[in-house]
Amino acid sequence: MCFLATIKEELRTALAPLQKKLEAFNAVKLVCDQTAEHIKSQAQHTERQIKMEFEKLQQYLKEEEAARITALREEEEQKSQMMKKKIEKMTEEISTLSEQIRAIEQELGAEDISFLQSYKDTQIRAQCTLGDPEKVSGALIDVAKHLGNVKYRVWEKMLGTVQYTPVTLDPNTAYPKLSLSEDLTSVRRSDERQQVPDNPERFDWLWVLGSEGFSSGRHCWDVEVGGDEGWVVGVVKESISRKGGVTLSPTGGVWGIQQYWSGEYAAMTFPHTRLTVQRDLQRVRVQLDWDRGEVSFSDPRNNTPLYTFKHSFTERLFPFFRPSTHGMQICPLKVSVSVK
């Protein structure tokens with residue numbers, strides 16, 4: 001019996017890791033099930049947003065088409081009226097001249113004595129007081145104005161109605177208590193936890209990354225940091241840990257600045273470097289020169305430098321954001337067109 005108890009205990013001991021493994025598999029399967037449902041939800045929501053954006057574009061094009069046809073009709077009406085008046089005037093003058101010619105021709109056919117008696121009057125009537133008829137210039141529809149480069153002109157005009165932001169946010173990295181705008185350009189804190197899967201890319205603290213990483217070149221974006229404390233902006237290396245603790249300095253793959261809850265500003269060195277600013281920051285400009293190994297921060301209102309990190313980067317860097325309670329927004333850039 002002792003032997004039987006011993007081997008049963010050995011099996012129970014061997015069973016424990018299997019049970020833990022089963023628990024781990026069940027936990028991951030639950031996340032996979034949640035992820036599968038979230039994929040459907042994401043696809044449906046994204047499809048609705050795509051349709052809405054294209055409906056806006058289509059509506060704009062319909063309105064632009066209607067405006068251009070209206071302009072064409074107005075020009076047609078204006079020039080048709082001008083030609084109508086011209087034709088009416090010419091008709092009256094033709095009628096006058098025709099009547100004048102018929103009267104003179106009648107005089108020419110009269111008896112000699114009668115003709116001589118009325119010659120003086122007929123000679124006066126034969127004098128033409130009308131000027132030479134003039135053709136109307138500029139009477140045709142200005143087709144070139146309506147059709148010349150029409151697609152380019154409409155596209156150029158559309159630029160005034162659209163915005164371009166150099167960085168968009170990646171919802172798949174956002175902490176569940178962060179809420180992103182539909183266009184993925186702003187983020188704010190939420191009281192409620194979003195129903196999102198705990199995927200490996202997602203942070204388990206109040207961070208969200210930009211959707212595009214940079215491994216070369218120069219890049220710049222402005223962030224409206226809001227009127228409250230507690231925000232952080234900067235760049236992080238792609239391999240940064242998304243779960244658990246991380247060293248918030250270049251040693252941990254973080255290059256950023258922040259405003260403490262006390263209202264003070266600091267560069268995220270190790271230890272942190274306090275920053276002196278003349279007035280509270282409303283916007284922060286982040287400039288990344290990956291090739292030169294520089295991340296610079298400045299106040300875009302007066303181009304005042306705040307801090308510059310220097311480092312030899314070896315992997316892709318992503319913009320990162322931690323909003324204050326008032327949220328933060330990535331500022332749009334002005335879009336311009338140049339023709340070569």
Side-chain angles (χ1 to χ4, degrees), residues 47-166 168 181-185 222 300 329-340:
E47 182 177 339
R48 284 195 300 269
Q49 290 301 117
I50 290 172
K51 287 182 177 179
M52 284 176 59
E53 291 301 318
F54 275 89
E55 283 172 4
K56 290 177 186 176
L57 291 174
Q58 290 164 1
Q59 182 62 30
Y60 178 87
L61 291 174
K62 286 180 181 178
E63 290 173 358
E64 186 66 21
E65 177 189 13
R68 288 174 178 270
I69 289 176
T70 298
L72 172 61
R73 295 289 180 238
E74 288 175 352
E75 184 180 356
E76 178 192 17
E77 178 65 20
Q78 175 198 350
K79 293 190 172 178
S80 294
Q81 287 296 323
M82 180 180 67
M83 290 309 300
K84 180 181 178 182
K85 291 178 181 179
K86 180 68 175 178
I87 291 169
E88 288 175 351
K89 184 181 178 183
M90 294 291 292
T91 301
E92 290 175 2
E93 292 173 341
I94 289 171
S95 177
T96 300
L97 283 173
S98 298
E99 185 62 33
Q100 188 176 358
I101 290 169
R102 277 196 300 272
I104 293 171
E105 285 176 342
Q106 285 179 359
E107 292 295 333
L108 287 171
E111 297 290 336
D112 292 345
I113 295 173
S114 177
F115 172 76
L116 289 173
Q117 287 175 343
S118 60
Y119 170 72
K120 292 290 183 181
D121 294 334
T122 304
Q123 189 179 38
I124 294 172
R125 284 201 303 270
Q127 294 176 359
C128 183
T129 58
L130 296 175
D132 293 335
E134 294 181 358
K135 293 181 180 179
V136 182
S137 60
L140 299 179
I141 295 290
D142 190 351
V143 176
K145 180 183 74 174
H146 297 285
L147 291 182
N149 291 315
V150 63
K151 286 183 283 190
Y152 172 81
R153 299 299 178 198
V154 172
W155 174 70
E156 184 181 41
K157 191 174 177 182
M158 284 182 69
L159 292 179
T161 68
V162 298
Q163 290 187 333
Y164 171 78
T165 49
T168 53
S181 62
E182 295 288 2
D183 62 359
L184 305 179
T185 63
D222 288 359
Q329 165 118 24
I330 302 160
C331 302
L333 297 179
K334 291 183 178 180
V335 182
S336 60
V337 179
S338 60
V339 181
K340 295 183 179 180

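The local environment of CD in Glu156 is crowded, with over 12 non-hydrogen atoms from other residues, nucleotides or ligands closer than 6.0 Å.
Between the CD1 atom in Ile87 and the NZ atom in Lys85 there is a gap of 13.0 Å [rounded to 0.5 Å]. In this structure, Thr91 OG1 and Lys89 NZ are separated by 12.0 Å, a value rounded to the nearest 0.5 Å. The structure places OG1 of Thr185 at 13.0 Å from OH of Tyr164, a figure rounded to the nearest 0.5 Å. In this structure, the separation between NZ on Lys334 and CD on Gln163 is 12.0 Å, given to the nearest 0.5 Å.
Residues satisfying the ring pair (Phe, Tyr, Trp, His ring centres under 6.0 Å) criterion with Tyr60, sequence neighbours excluded, are absent altogether. Annotation: side chain to side chain donor-acceptor pair (under 3.5 Å) contacts of Thr165 (sequence neighbours excluded): none. With sequence neighbours left out, the salt bridge (Lys or Arg N to Asp or Glu O under 4.0 Å) criterion links Lys86 to no other residue. Applying the side chain to side chain contact (heavy atoms under 4.5 Å, CB included) test to Glu88 and every residue at least two apart in sequence or in another chain returns Lys84.
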Starting from the C-alpha separation in whole Å, work towards a yes-or-no answer on side-chain contact (heavy atoms from CB on, under 4.5 Å) for Lys79 and Leu140.
-> CA-CA 7 Å; Lys79 293 190 172 178; Leu140 299 179; 5.9 Å; no
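For Glu77 and Arg73, the salt-bridge test fails: no basic side-chain N is under 4.0 Å from an acidic carboxylate O.
In this structure the side chain of Ile330 never reaches within 4.5 angstrom of the side chain of Asp222, judged on heavy atoms.
Sequence neighbours left out, the pairs with a member in residues 56-72 that pass salt bridge (charged side-chain N to carboxylate O under 4.0 Å, His left out) are Glu53-Lys56, Glu64-Arg68, Glu64-Lys157.
Counting all heavy atoms, side chain and backbone alike, Cys331 lies closest to Pro166 at O-CD, 3.7 Å.
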Listed pairs under 3.5 Å, donor-acceptor, residues 142-154 side chains, sequence neighbours left out:
unit_1	atom_1	unit_2	atom_2	d
Asp142	OD1	Lys145	N	3.3
His146	NE2	Glu75	OE1	2.6

